[in-house]
Protein chains: 2
Amino acid sequence: MTVQRRVILEELRAVTTHPTADELFHRVRDRLPNISLGTVYRNLDVLVRNRQARRIENGGGQCRFDGDMDRHYHIRCVVCGRVDDVAGPAPGGAMAPHVDAPGYEVTGFRLEYEGICASCRKATERPRAH
Amino acid sequence: MTVQRRVILEELRAVTTHPTADELFHRVRDRLPNISLGTVYRNLDVLVRNRQARRIENGGGQCRFDGDMDRHYHIRCVVCGRVDDVAGPAPGGAMAPHVDAPGYEVTGFRLEYEGICASCRKATERPRAH
DNA sequence: ATATATGCAAAGCTTTTGCCCTTTC
DNA sequence: GAAAGGGCAAAAGCTTTGCATATAT
């Protein structure tokens, strides 16, 4: 646990604005003028891996596109990133009205399932003690 | 409706893999060897605006981070991109089990509300006929 | 001491944009 | 023939990485 990592975590916890890496970098730099953006990125990775922070998901780097305009949901493989359609009815139709977000006009929600696809499950099967 | 746009849409509809722009570009290039990646991006934008395709959301370009590890949900302003916490209990606890995603081991879901935040609502207020 | 982390800068990747030419209506 | 769109290449923006140095345990 280095000074930099501690300050990054402190500053992240000190705000409720869900900052981007760059915003956090500027805050941290007020206290550690020599810190670099790369360090912030590296430490955010570590913190997320250690469950001390959360990355607000963006579902992987690249955008994907879908020509099927019927209402349906997606499931994304957390291992390989592939995206498949989820069969069946919309699961959460009654969900949105319950939101308590003061000041917001709530227009909808985005829902994406996560899982491990068939081929990634096969690839990660452990040899079993017999 | 140009040849390029039609082919892009045809190829997008021909697959169920939810391709990235680059994957689609390579498919389309088999039929239109001179097409450029920029054209694919521009047309995907148009198709999405025209509701002929969907962008599988990534919630805006940059990642955001959150130091609050308690289970809670977020709402994102679709105008300015800011992210706030949603107060109240988890809305969709009973949702995940209903998913029908053959082959997948479903590990969870990601849910993010969308809306227009207070200051963006103020900024877009229209002068009202009296 | 030795592994780990930092700072800095460069590279990587996806996406957007400018410019000029071509196609569409 | 005016308006929209395309091709190409450069730019932009976020994130990752290589490397030499410094810090932590």
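The chains referred to below are lettered A, B, ... by the order of the sequence lines, with proteins before strands, and numbering in each begins at 1. Quick caveat: nothing in here was measured; it's all calculated off a predicted structure.
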Can you find a pair of side-chain heavy atoms, one from [X] and one from [Y], that are under 4.5 Å apart?
{"X": "B/R5", "Y": "B/I8", "answer": "no"}
{"X": "A/L12", "Y": "A/P19", "answer": "yes"}
{"X": "A/I116", "Y": "B/Y104", "answer": "no"}
{"X": "B/R42", "Y": "B/V46", "answer": "no"}

Charged N to carboxylate O under 4.0 angstrom, [X] versus [Y]?
{"X": "A/R54", "Y": "B/D68", "result": "no"}
{"X": "A/R6", "Y": "A/E10", "result": "yes"}
{"X": "A/R64", "Y": "A/D66", "result": "no"}
{"X": "A/R76", "Y": "A/E112", "result": "yes"}

First encountered from the 5' end of DNA chain C, between B/D22 and A/S36: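 The 5'-side residue here is A/S36.
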Length of the [atom1]-[atom2] vector between [X] and [N], whole Å:
{"X": "B/F25", "N": "C/dT16", "atom1": "CZ", "atom2": "C1'", "answer": "15 Å"}
{"X": "B/H26", "N": "C/dC13", "atom1": "NE2", "atom2": "P", "answer": "13 Å"}
{"X": "A/L44", "N": "D/dT15", "atom1": "CG", "atom2": "P", "answer": "10 Å"}
{"X": "B/R29", "N": "D/dG6", "atom1": "CZ", "atom2": "P", "answer": "17 Å"}
{"X": "B/L24", "N": "C/dT14", "atom1": "CG", "atom2": "P", "answer": "15 Å"}
{"X": "A/E23", "N": "D/dG13", "atom1": "CD", "atom2": "P", "answer": "15 Å"}
{"X": "B/N34", "N": "C/dC21", "atom1": "CG", "atom2": "P", "answer": "17 Å"}
{"X": "B/I35", "N": "C/dT23", "atom1": "CD1", "atom2": "P", "answer": "14 Å"}

Aromatic ring pairing B/H18/A/H72, orientation class (parallel under 30°, perpendicular over 60°, tilted between):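 The rings of B/H18 and A/H72 sit tilted, inter-plane angle from 30° to 60°.
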Sugar-phosphate only, base, or nothing, as touched by B/N43 at under 4.0 Å among non-hydrogen atoms: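 Sugar-phosphate, backbone atoms only, no base.
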Per-nucleotide protein contact string for nucleotides 16-25 of chain D (B base, S sugar-phosphate only, - none; heavy atom under 4.0 Å): BBB-----SS
Any residue of residues 6-20 of chain B with a heavy atom less than 4.0 Å from an atom of DNA chain C: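 DNA chain C contact set from residues 6-20 of chain B: none.
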